[in-house]
Amino acid sequence: MGQSSFTLRVLCVVRSIPVGRVSTYGDVAKLAGRPRAARAIGNIMRNCSDQSVPCHRVIAAGGQLGGFRNGRWIKHSLLLAEGLSVRRGRLHNFPSIRWDGKNSHNTTEPV
DNA sequence: TGGTTGACGGTGG
DNA sequence: TCCACCGCCAACC
């Protein structure tokens, strides 16, 4: 504990991501109040060992999974378990399942 | 206190 | 479509 306010806010935002939805590092950073702190989000996620934080729902921009170092396939499996389609390391319907912070009760949105 | 690293974003070639 | 450069922010040494 004893994380910075920004870190706590980031964790809170990530925990707010609905099941079946994903968000990018940039989006989480923006929701946390630092639109330019996308890199910092990666560090926080990496350092985050909290099971209540679905870090696998946080991916890179363009629908890429990111995390080439580790957890890449972990995210892949977890995302597949949530009914998402991953194609060549990227979400097939990324724009459709992208979560912009708004409480969209309609999960399966047919675009 | 200062410099480097890293699960990134966006633009250009 | 893929690769390279620059910018931005927090954690670590």
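Model, not experiment: these values are computed from the prediction.
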Sugar-phosphate only, base, or nothing, as touched by A:A37 at under 4.0 Å among non-hydrogen atoms: sugar-phosphate
Touch class at under 4.0 angstrom, heavy-atom based, for A:R57 against every strand present: nothing
Nearest heavy-atom neighbours spanning A:V53 and A:M45: CG1-CE, 4.4 Å
Taking every non-hydrogen atom, the tightest pair across A:A37 and A:F6: CB-CZ, 3.7 Å
So if I take every side-chain heavy atom of [X] and compare against [options], which nucleotide ends up nearest?
X     : options              : result
A:R46 : C:dC9, B:dC8, B:dA7  : B:dA7
A:R36 : C:dA10, C:dC8, B:dC8 : C:dC8
A:R34 : B:dA7, C:dA10, C:dC2 : C:dA10

Atom [atom1] of [X] and atom [atom2] of [N]: how far apart are they, to the nearest Å?
X     : N      : atom1 : atom2 : result
A:Q64 : B:dG6  : CD    : P     : 19 Å
A:L11 : C:dA10 : CG    : P     : 14 Å
A:D50 : B:dA7  : CG    : C1'   : 17 Å
A:N43 : C:dA10 : CG    : P     : 11 Å
A:K30 : B:dG10 : NZ    : C1'   : 12 Å
A:R9  : C:dA10 : CZ    : P     : 13 Å
A:I44 : C:dC8  : CD1   : C1'   : 13 Å
A:L65 : B:dA7  : CG    : P     : 15 Å

Flag if over 12 foreign heavy atoms under 6.0 Å of CZ, A:R15: yes
Stepwise side chain to side chain contact (heavy atoms under 4.5 Å, CB included) test for A:V22 and A:V58: CA-CA 6 Å; A:V22 295; A:V58 183; over 6 Å; no
With a 4.0 Å limit, can you tell me whether [X] has a side-chain N or O closer than that to the phosphate oxygens OP1/OP2 of [N]?
X     : N      : answer
A:S4  : C:dA11 : yes
A:R90 : C:dC2  : yes
A:N47 : B:dA7  : no

Comparing A:G42 and A:G62 on DNA chain B - which has the more 5′ nearest nucleotide: A:G42
Check against side chain to side chain contact (heavy atoms under 4.5 Å, CB included), A:I44 and A:V14: CA-CA 11 Å; A:I44 296 170; A:V14 175; over 6 Å; no
Polar pair under 3.5 Å, donor/acceptor by atom type, side chain A:R39, base C:dC8: yes
